[in-house]
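Structure record follows, encoded as structure tokens.
Whatever order the structure lists them in is the order used to number ligands and atoms, beginning at 1. For this chain, numbers begin at 1 and follow the sequence in order.
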Amino acid sequence: MQNQNIVRHDWTKEELSAIYNKPLMALIYEAATVHRQWHNADEIQLSTLLSVKTGGCPEDCSYCGQAARYHTDVKVQALLPTEKVLAEAQKAKDRGSSRFCMAAAWREVRDNRDFDRIIDMVKGVNEMGLEVCCTLGMLTESQAQRLQEAGLYAYNHNLDTSESNYDNIISTRTFDNRLDTINNVRKAGITVCSGGIIGLGETINDRISMILTLANMEVHPESVPINALARVKGTPLENNPKVDSWEMVRMIATARIAMPTTMVRLSAGRLEMSEQEQAFCFMAGANSIFTGERETLLVTPNPGIDEDLALLQTLGLKPLAKKTKEQELVS
Ligand code: SAM
Ligand code: DTB
Ligand code: SF4
């Protein structure tokens, strides 16, 4: 069992591999112990995700239903009006979400009118007292700075997979491009949300490498989403096998042990999991989910907020309230 009192940034692949491959019950027990040491294990952060610009993306991420080059059923939707986005954020807040995440199917942010509108959305959501998160593709240092000044709390930019598997999944950008944006976000003083996907056809070694990159960052991402591939018809990965939930449990537990203070988010894939499978993910250290009124993630279905609140009630869990400024300063 790891020393539970320190946060390490010098993990070796062998150590993480030994953790990932532990007998399952021992792994869950260890992750649950670390989880309880650093977090209130009764609380789950609810984050509402809204696609503010959908489809038509020039990138070729082979898992994504929003890439223009694949023939999927996704309809292109230009950037939503600010009022509509703010109305959705208010609804999310009223239903117990403490974080609101706006996603755009862009390769990168451009310094144009659409970015100005995103800045207004960030200001508006921040003024509602929600943690504001965006995921808009690649960012320069000055764009990150502008988002920070508007009140952006977190930026989601996933590694998606390991460095060595990257080219098999995406050819229109590199793993280093991802790291550059994450560094720009960090330098601007915005918290980092970065994780990845399993079920892409990667090896266990790839999964461990991806966690190793995150866990050896100078500062761990404050949030690490673990996604199971949502198989979208028309994408190159549409016929991949469904991810086994025990694999999700192993990923979550390994992330929890390697990055004890981080919020580990059980992300895409919940609709295909039973209540019991999700409960094991929470036991293994997941303490955050995407939920919402709309019952979708971006373009794929997700459980709705009513179902999720009922699940939390069954498990004796409660939505995590947003931290006050004072609490943030002491943590
Ligand atoms: N375009 C931006 C980008 O790629 O960073 C932001 C939106 S993108 C949809 C955010 C993340 O969602 C991706 O990096 C990927 O990890 C995850 N994602 C996208 N499609 C997915 C799918 N079909 N299944 C699971 N995760 C997916
Ligand atoms: C993340 O890691 N998962 C979310 C969020 N970041 C933006 C997106 C998951 C997308 C799942 C497939 C879809 O609906 O497009
Ligand atoms: Fe575009 Fe993001 Fe989808 Fe890749 S994951 S195709 S960058 S929307």
Considering only protein heavy atoms, determine whether one is less than 4.0 Å from atom 23 (N) of ligand 1.
yes
A student comparing Ala228, Ser267, Ser194 should find that the heavy atom closest to atom 25 (C) of ligand 1 comes from Ala228
Test item: protein heavy atom less than 4.0 Å from atom 4 (Fe) of ligand 3:
yes
From the candidates Thr300, Asn156, Asn302, the one that places a heavy atom nearest atom 14 (O) of ligand 2:
Thr300
So between Asn227, Thr135, Ile226, Leu49, whose heavy atom ends up nearest atom 3 (N) of ligand 2?
Asn227
Which protein non-hydrogen atom lies closest to atom 1 (N) of ligand 1, naming both residue and atom, and how far is it?
Trp106 O, 3.2 Å
Looking at ligand 2, does any of its N/O atoms fall within less than 3.5 Å of an N/O of Ser267?
no
When distances are taken from atom 20 (N) of ligand 1, the protein heavy atom at minimum range is Tyr63 CD1, 3.4 Å
I want to confirm something. Looking only at heavy atoms, which of Leu298, Val224, Leu297 is nearest to atom 8 (C) of ligand 2?
Leu298
Nearest non-hydrogen protein atom to atom 5 (O) of ligand 1, with distance, is Arg178 NH2, 3.0 Å
Does any N, O or S atom in Cys57 come within less than 2.8 Å of atom 1 (Fe) of ligand 3?
yes
Taking side chain as C-beta onward, heavy atoms only, is Met248 less than 4.5 Å from Met251?
no
Give a yes/no verdict on whether any heavy atom in Ala103 is under 4.0 Å from an atom of ligand 1.
no
Going by distance only, is there an N or O of Val299 that falls short of 3.5 Å from an N or O of ligand 2?
yes
